[in-house]
Amino acid sequence: MARVKRGVTTHARHKKVIDQAAGFRGRRKNTFRTATQAVEKSLQYAYRDRRTKKRNFRALWIQRINAGVRLYGLTYGRFMHGLKLAGIELDRKVLSDLAVREETAFKALVDQAEAALKKAA
């Protein structure tokens, strides 16, 4: 039986890892053993940070809503409670976008929230 040489498949496997390590510094980009470790770690970071990104954006939206609402003398928590009482179901992403870009529409929401809070009290 003929001997099987695996140089082609090994080279392809190594090349795949080295290509993923492009842009890394030092030996991590061109030495297979260190590139493998670096690529595995980078994939762990990517997996973790896909979840962290959602958290960070939610925090940013809340900060923007809070800043927009405080111009009209409300706090973030009171505003969100007022929206819930008024039956307005907008998510934080849309609310922050309104606070930044559409001040008149956001002011209308603030007025509705305040009215609902007064009605409930």
Side-chain angles (χ1 to χ4, degrees):
M1 196 179 310
R3 185 171 129 221
V4 177
K5 296 172 69 177
R6 292 190 172 86
V8 174
T9 54
T10 303
H11 181 71
R13 188 169 50 88
H14 285 206
K15 184 169 174 16
K16 189 166 70 174
V17 172
I18 297 293
D19 286 345
Q20 284 181 307
F24 293 176
R25 294 181 63 139
R27 288 170 62 180
R28 310 172 94 217
K29 72 174 173 278
N30 52 18
T31 307
F32 178 70
R33 188 186 297 182
T34 54
T36 306
Q37 294 169 356
V39 166
E40 284 179 6
K41 192 66 171 179
S42 71
L43 292 174
Q44 289 174 356
Y45 285 141
Y47 178 82
R48 178 196 69 189
D49 291 339
R50 280 195 294 275
R51 280 130 193 91
T52 307
K53 184 167 75 168
K54 295 167 182 57
R55 213 175 304 154
N56 290 340
F57 269 105
R58 184 181 170 99
L60 174 69
W61 298 331
I62 289 172
Q63 289 169 2
R64 286 179 175 174
I65 295 167
N66 193 18
V69 164
R70 285 185 185 269
L71 295 173
Y72 304 111
L74 268 179
T75 62
Y76 168 78
R78 297 279 298 157
F79 173 66
M80 294 305 282
H81 183 59
L83 286 182
K84 187 168 185 166
L85 292 175
I88 299 170
E89 295 182 6
L90 290 175
D91 62 357
R92 287 159 182 83
K93 181 179 179 180
V94 173
L95 286 171
S96 75
D97 196 48
L98 287 174
V100 172
R101 291 187 172 85
E102 303 286 336
E103 290 185 33
T104 54
F106 190 70
K107 173 72 170 121
L109 288 174
V110 171
D111 292 340
Q112 287 180 330
E114 282 181 327
L117 285 169
K118 286 179 184 166
K119 189 176 180 182

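Atoms considered below: every heavy atom in the structure, side chains included; atoms not considered: hydrogens, waters and symmetry mates.
- For Ile65 against Arg92, the heavy-atom pair with the smallest separation is CD1-O, 3.6 Å.
- Under the ring-ring contact (aromatic ring centres under 6.0 Å, His included) criterion, Tyr76 pairs with no residue at all, not counting sequence neighbours.
- A salt bridge links Lys107 and Asp111; the closest N-O separation between the charged side-chain nitrogens and carboxylate oxygens is under 4.0 Å.
- Heavy-atom minimum distance, Ser96 versus Lys93: OG-O, 3.0 Å.
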If you look only at distance, which donor and acceptor atoms sit under 3.5 Å apart when one is on a side chain in residues 11-24 and the other is two or more places apart or in another chain?
residue, atom, partner, partner atom, Å
Lys15, NZ, Asp19, OD2, 3.4

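- By the side-chain hydrogen bond (donor to acceptor under 3.5 Å, both in side chains) test, Arg27 pairs with no residue at all, sequence neighbours left out.
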Determine, step by step, whether Leu90 and Leu109 satisfy the side chain to side chain contact (heavy atoms under 4.5 Å, CB included) criterion, reporting the C-alpha distance in whole Å, the side-chain angles of both residues, the deciding distance to 0.1 Å, and the verdict. CA-CA 10 Å; Leu90 290 175; Leu109 288 174; 3.8 Å; yes
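- When atom types are taken as modelled, the side chain of Asp49 and the backbone of Thr52 share no donor-acceptor pair closer than 3.5 angstrom.
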Verdict with supporting geometry, Tyr47 and Arg50, side chain to side chain contact (heavy atoms under 4.5 Å, CB included): CA-CA 6 Å; Tyr47 178 82; Arg50 280 195 294 275; 3.6 Å; yes
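- At least one side-chain heavy atom of Leu95 sits under 4.5 Å from a side-chain heavy atom of Met80.
- By the criterion of side-chain heavy atoms lying less than 4.5 angstrom apart, applied directly or through intervening Ile, Leu, Val, Met, Phe, Trp or Tyr residues, Tyr72 is grouped together with Ile88 in one hydrophobic cluster.
- Between Leu117 and His81, the shortest heavy-atom distance links the atoms CD2-CD2, 3.6 Å.
- Here the shortest heavy-atom pairing between Leu98 and Ala105 reads CD2-CB, 4.2 Å.
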